[in-house]
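Please read the structure below before turning to the comments.
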Amino acid sequence: MGHSVIQFNGREALLNDLDLIAVWILLLKPDSEFDAVGELTTNISQLHRSLSELLEWAGPGCLNMALDEFLRSKEDFECFRLSLQAIEKSLRRCEEFVPEDFLNTRMAAPGIPEFANFPKRKLLMAIQRLRDLVG
């Protein structure tokens, strides 16, 4: 798998594609036990639709969250921040690895391999990079 450059407001972060896809899957299909986000803003709902479409066709090195397009208001930022925070909460109950079915049961799309047990540390680092990127 490759790496993609995610840009926002003139800044950029390089993320491993598989790490990014795993975060996206958890953004799109949160763990209902920890879904503390509530109702999504219109822009964050559109971001979710965009990510779902990207997962259907984008290849390695071509993943683009288009954050400038979707994070436009304080409410959008807060919703995105809470979404990332909800993922972190759901990962807390995992030990060193996120069980494969925790990711595989949430999303199947062409071109996305099934996940093996996934290092929790990699997901947490990808979330932190996104958080740092959007400030």
Side-chain angles (χ1 to χ4, degrees):
M1 216 16 81
H3 287 75
S4 292
V5 175
I6 305 302
Q7 299 175 329
F8 179 71
N9 204 22
R11 297 185 307 255
E12 55 187 44
L14 181 68
L15 285 110
N16 175 280
D17 286 342
L18 201 54
D19 300 351
L20 187 58
I21 288 169
V23 170
W24 285 4
I25 288 171
L26 294 173
L27 277 172
L28 295 170
K29 306 281 185 176
D31 186 350
S32 58
E33 184 179 341
F34 293 104
D35 187 12
V37 177
E39 192 166 334
L40 301 177
T41 66
T42 300
N43 284 336
I44 297 300
S45 292
Q46 290 173 347
L47 172 63
H48 283 205
R49 279 191 295 280
S50 174
L51 296 179
S52 292
E53 290 170 11
L54 273 172
L55 287 173
E56 294 289 329
W57 64 267
C62 299
L63 303 176
N64 180 5
M65 293 182 81
L67 292 174
D68 286 311
E69 203 174 306
F70 300 109
L71 297 181
R72 295 184 172 188
S73 70
K74 286 194 303 189
E75 292 81 12
D76 295 334
F77 280 98
E78 183 65 6
C79 188
F80 188 70
R81 186 189 67 75
L82 287 172
S83 296
L84 294 176
Q85 192 174 57
I87 294 172
E88 287 176 316
K89 267 188 187 174
S90 68
L91 293 176
R92 281 189 195 139
R93 68 175 177 221
C94 301
E95 293 189 15
E96 187 177 347
F97 293 94
V98 177
E100 58 190 57
D101 45 331
F102 191 76
L103 294 168
N104 291 331
T105 58
R106 285 171 169 70
M107 177 69 72
I112 295 180
E114 283 206 359
F115 287 90
N117 290 340
F118 202 87
K120 177 171 88 170
R121 165 188 62 76
K122 291 180 77 175
L123 277 173
L124 293 174
M125 285 178 18
I127 290 168
Q128 187 59 50
R129 284 196 177 127
L130 288 171
R131 184 181 286 117
D132 291 346
L133 179 65
V134 300

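The shown structure was predicted, so the numbers you read here are calculated from the model rather than taken from an experiment.
- Shortest non-hydrogen contact noted between V134 and L67 is CG1-CD1, 3.9 Å.
- One distance of note links CG of L124 with CG of L91; it measures 5.5 Å at 0.5 Å rounding.
- Among all heavy-atom pairs drawn from L18 and F115, the shortest one is CD1-CE2, 3.7 Å.
- Within the 3.5 Å criterion, the main-chain N or O of C79 finds a donor-acceptor partner in the side chain of S83.
- The nearest pair of heavy atoms linking E100 to A116 is CB-C, 3.7 Å.
- For the atom pair N16 CG and H3 NE2, the distance stands at 4.5 Å (nearest 0.5 Å).
- Listed for the D68 side chain is a donor-acceptor partner under 3.5 Å among the backbone atoms of N9.
- Shown here for A66 and F70, the closest heavy-atom pair between the two residues is O-CD1, 3.1 Å.
- Contact check for F102 versus L26: side-chain heavy atoms found under the 4.5 Å cut-off.
- In terms of heavy atoms, G135 sits closest to R11 at N-NH2, 3.8 Å.
- Once rounded to the nearest 0.5 Å, the distance linking CD1 of I21 with CG of L27 reads 13.0 Å.
- Partners of A126 according to the side-chain contact (heavy atoms from CB on, under 4.5 Å) rule, which considers only residues two or more places apart in sequence or in another chain, are L15, D19, V23.
- Within the model, atoms CG of L51 and CG of N64 stand 9.5 Å from one another, a figure rounded to the nearest 0.5 Å.
- Residue R92 comes nearest to K120 through the heavy atom pair O-NZ, 4.1 Å, listed as atom of the first residue, atom of the second, then distance.
- Rounded to the nearest 0.5 Å, atoms CG (N43) and OG (S50) are 11.5 Å apart.
- Once rounded to the nearest 0.5 Å, the distance linking CH2 of W24 with CG of L47 reads 8.5 Å.
- Between I127 and L130, every side-chain heavy-atom pair lies at or beyond the 4.5 Å cut-off.
- Side-chain atoms of L20 and M65, non-hydrogen and from C-beta on, do get closer than 4.5 Å to each other.
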Under the criterion side-chain contact (heavy atoms from CB on, under 4.5 Å), I'd like the reasoning laid out for Q46 against T42: C-alpha separation, chi angles, the key distance, then a yes or no.
CA-CA 6 Å; Q46 290 173 347; T42 300; 3.9 Å; yes
